Amino acid sequence: AQTVTQSQPEMSVQEAETVTLSCTYDTSESDYYLFWYKQPPSRQMILVIRQEAYKQQNATENRFSVNFQKAAKSFSLKISDSQLGDAAMYFCAYRRYGNKLVFGAGTILRVKS
Amino acid sequence: NAGVTQTPKFRILKIGQSMTLQCTQDMNHNYMYWYRQDPGMGLKLIYYSVGAGITDKGEVPNGYNVSRSTTEDFPLRLELAAPSQTSVYFCASSQSGTADGYTFGSGTRLTVV
């Protein structure tokens with residue numbers, strides 16, 4: 001069974017600084033998708049960024065980028081120029097084609113002004 | 001476009017009562033899912049469906065039932081509520097086999113007392 005591990009229960013970052021959230025996963029598949037979701041206090045789950053395993057290039061969405069290391073089964077999220085609105089719980093998730101998402105336990109990100 | 005709609009948003013149940021959490025989506029997605037999120041934790045899959053008339057158990061199905069009579073609706077039934085079912089429940093949907101991740105509802109906060 002696939003598992004997703006987020007080893008940082010909580011992280012803090014100063015406003016305007018950069019922070020990296022870690023995620024590792026376990027799979028024997030070669031073709032799959034990886035996601036980062038943001039859950040603010042409103043509870044709404046918001047897709048931040050996704051990565052297709054067959055693509056070598058790391059995905060980027062504005063201030064959010066990933067460092068995807070397929071051989072190491074690592075998928076970290078980098079948030080640049082952190083803003084107060086980035087404060088949330090962040091979930092890493094894995095999905096094999098056509099299958100269901102498996103979530104990590106989450107990392108709480110606190111942003112200090 | 002409403003996306004995924006969950007009702008109710010909040011509910012308090014007494015031990016032993018039953019209720020149905022409603023979920024409907026208007027995106028013609030084949031796949032639908034129910035997750036629960038316990039405080040400070042990740043999401044655990046309760047049940048999922050790959051199409052009308054087809055449902056299957058997830059990671060934590062005990063105490064719940066589902067049905068999928070139409071593509072749009074995927075209600076979750078709680079029978080004989082227990083305090084262990086106090087949680088936030090999320091419904092989600094996705095196109096089968098796509099890289100788009102899920103579209104989530106806004107969640108239902110359920111307290112069993």
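Note that the structure is a prediction, hence the values are computed from the model and not measured. Naming: A, B, ... by sequence-line order, numbering from 1 per chain.
- Surrounding CD1 of B:Ile15 are more than 12 heavy atoms belonging to other residues, nucleotides or ligands, all under 6.0 Å away.
- Under the 4.5 Å side-chain heavy-atom criterion for Ile, Leu, Val, Met, Phe, Trp and Tyr, A:Leu34 and A:Ile46 are members of distinct hydrophobic clusters.
- Annotation: residues 104-113 of chain A contacts chain B through A:Gly104, A:Ala105 [non-hydrogen atoms, separation under 4.5 Å].
- Heavy-atom distances place the side chain of B:Gln37, and not its backbone, under 4.5 Å from chain A.
- Nearest approach of B:Ser94 to A:Arg95, heavy atoms of both residues: OG-NH2, 3.1 Å.
- Both A:Val4 and A:Tyr32 are assigned to one and the same hydrophobic cluster, defined by single-linkage of ILVMFWY side chains at heavy-atom distances under 4.5 Å.
- The closest side-chain heavy-atom distance from A:Lys100 to B:Tyr31 is not below 4.5 Å.
- More than 12 heavy atoms of other residues, nucleotides or ligands lie within 6.0 Å of NZ in A:Lys73, so this atom counts as buried by the packing criterion.
- With contacts defined as side-chain heavy-atom distances shorter than 4.5 Å, the pair A:Phe35/B:Tyr102 does not qualify.
- The cluster map of Ile, Leu, Val, Met, Phe, Trp and Tyr, joined by side-chain heavy atoms under 4.5 Å apart, puts B:Phe90 and B:Met19 in different clusters.
- Looking at B:Tyr35 and A:Leu101, their side chains come closer than 4.5 Å, going by heavy atoms from C-beta outward.
- B:Leu76 and B:Val4 end up in different hydrophobic clusters when Ile, Leu, Val, Met, Phe, Trp and Tyr side chains are linked at under 4.5 Å.
- In the hydrophobic clustering of this structure, B:Leu45 groups with B:Val50; members are Ile, Leu, Val, Met, Phe, Trp, Tyr whose side-chain heavy atoms approach within less than 4.5 Å, directly or through other members.
- The shortest distance between side-chain heavy atoms of B:Leu43 and A:Met45 falls below 4.5 Å.
- A:Arg43 places none of its side-chain heavy atoms less than 4.5 Å from the side chain of B:Phe104.
- Heavy-atom distances place no part of A:Gln6 under 4.5 Å from chain B, backbone and side chain included.
- Dense packing is recorded around NZ of A:Lys70, with more than 12 heavy atoms of other residues, nucleotides or ligands lying under 6.0 Å away.
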